[in-house]
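Only one structure is covered here, and it is reproduced in the block below.
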Protein chains: 2
Amino acid sequence: MEKILEIFKALSDETRLRILNLFIKSGRNLCVCELMDALKLPQYTVSKALGTLKNAGLFTTEKEGTWVYYQLDKKDTKNKDLFTFLNNILITDLFLEDEERLNNRLLLRENDKCVVGIIPEEDLLKLIKGKTEA
Amino acid sequence: MEKILEIFKALSDETRLRILNLFIKSGRNLCVCELMDALKLPQYTVSKALGTLKNAGLFTTEKEGTWVYYQLDKKDTKNKDLFTFLNNILITDLFLEDEERLNNRLLLRENDKCVVGIIPEEDLLKLIKGKTEA
DNA sequence: CCAATATATGCAATTTTTTACATATAGTCA
DNA sequence: TGACTATATGTAAAAAATTGCATATATTGG
């Protein structure tokens with residue numbers, strides 16, 4: 001019961017739902033700085049939200065150098081059911097904008113790894129512009 | 001988004017999950033006094049929890065005299081998905097005891113209507129004993 | 001070792017939720 | 001009408017969650 005309550009509490013927050021949506025829709029593993037840019041939220045907000053979701057048992061992590069890649073924990077059957085359910089109900093304009101920003105951010109990966117850390121939005125947009133025009 | 005958050009917040013409470021479980025597992029409409037006995041909780045707690053769930057759009061009500069029958073609102077597709085999901089994950093010993101007490105309480109219905117209001121537990125158990133022995 | 005960087009966390013102020021009680025409302029029946 | 005009963009709600013105190021900032025940790029590369 002405590003476990004179930006912890007999961008629903010984790011889902012009762014806009015930032016955390018936006019994060020979950022990005023993982024569910026993209027099907028990818030993502031690091032904190034990529035989420036920061038997709039959500040346009042500060043580092044501590046994203047880290048804290050991810051921590052809550054991981055504590056609730058919804059995510060696993062893999063560390064590569066200073067980067068940490070989060071991914072949905074789909075080993076648990078109940079989690080899989082949850083992600084399927086969320087995939088059906090998380091449909092909002094706000095989410096679409098997150099998804100577009102994430103797609104652009106992922107253009108900057110090399111060998112499927114994040115190589116761009118925390119940089120000013122202005123610089124980020126220039127990098128992305130370079131990629132889309134190439 | 002606000003609507004989704006309201007639903008998850010409604011699900012983030014033990015009493016409200018226990019109530020939802022009883023409706024999902026029994027498939028019936030139930031009134032406040034029946035839930036009080038199944039959950040062993042005071043009237044105001046049950047009423048308030050039902051109010052929260054109804055506000056979140058998960059229940060509809062039908063009034064018959066002073067009795068109010070609550071039922072799951074299955075017209076909404078998202079609600080149906082949610083109830084299916086909950087049916088899979090709400091499995092706990094605590095729920096089993098609730099379900100047994102509810103089944104006993106429902107033995108006291110006549111023509112599928114609740115005819116026993118708020119009475120002391122001692123009296124309730126006597127009534128139920130009468131029914132099960134008959 | 002040092003500087004730089006990606007991520008995590010501790011904390012205090014604020015906001016939100018819960019809880020328990022008292023009381024209100026509304027319908028029934030004498 | 002008035003007593004009775006099923007249900008709803010207002011409220012104040014307590015508990016819990018969120019927010020923003022500052023700072024800590026840990027890894028890399030020079």
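Chain identifiers are assigned alphabetically (A, B, ...) following the order of the sequence lines, protein sequences preceding nucleic acid strands; residue numbering begins at 1 within each chain.
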Between D:dT7 and B:Tyr44, is there an OP1 or OP2 to side-chain N/O distance shorter than 4.0 Å?
no

From the set C:dC21, D:dA8, D:dG20, return the single nucleotide nearest to any side-chain atom of B:Ser47.
D:dA8

Winner on side-chain proximity to A:Val68, out of C:dT7, D:dT18, D:dA6, is C:dT7

Length of the CG-P vector between A:Asp123 and C:dT5, whole Å
13 Å

Looking only at side-chain N and O atoms, does A:Tyr70 come under 4.0 Å of OP1 or OP2 in C:dA8?
yes

Between B:Tyr69 and B:Cys114 (side chain of the first, backbone of the second, donor and acceptor by atom type, cut-off under 3.5 Å), is there such a pair?
yes

Classify the side chain of B:Gln43 and the base of D:dA8 as holding, or not holding, a donor-acceptor pair under 3.5 Å.
yes

Roughly how many Å is it from CD1 in B:Ile118 to C1' in D:dT5, rounded to a whole number?
8 Å

Does B:Lys48 contact D:dT11 through a side-chain donor or acceptor facing the base, at a distance under 3.5 Å?
yes

Give a yes or no on whether a salt bridge exists between B:Glu6 and B:Lys3, defined as a side-chain N under 4.0 angstrom from a carboxylate O.
yes

Contact summary for B:Phe59 and B:Leu53, nearest pair of heavy atoms
CD1-CB, 3.6 Å

A:Lys63 NZ to D:dT28 C1': how many Å, rounded?
12 Å

Whole-Å distance, B:Phe59 CZ to D:dA8 C1', equals 16 Å

Closer than 4.0 angstrom, basic N to acidic O: yes or no for A:Lys78 and A:Asp81?
no

Phosphate OP1/OP2 of D:dA17 contacted by A:Lys9 side-chain N/O (<4.0 Å)
yes

Just the rounded figure in Å: distance from C1' of D:dT7 to CG of B:Leu35.
12 Å

Quick one: A:Leu53 CG to D:dT18 P, roughly how many Å, whole number?
11 Å

Would you mind telling me which residue lines up with the more 5' stretch of DNA chain D, A:Thr66 or A:Thr52, judged by nearest nucleotide?
A:Thr52

How many Å lie between CG on A:Leu30 and C1' on C:dA6, as a whole number?
15 Å

Inter-residue atom distance B:Ser26.OG - B:Glu34.CD, 0.5 Å rounding
9.5 Å

Whole-Å distance separating the CG atom of B:Leu17 from the P atom of C:dT18:
12 Å

Counting side-chain heavy atoms from CB outward, which of C:dT7, D:dT7, D:dT18 is closest to A:Asp13?
D:dT18

Given DNA chain C, 5'-ward residue of the pair A:Val115 and A:Gly51, judged by closest heavy atom:
A:Val115

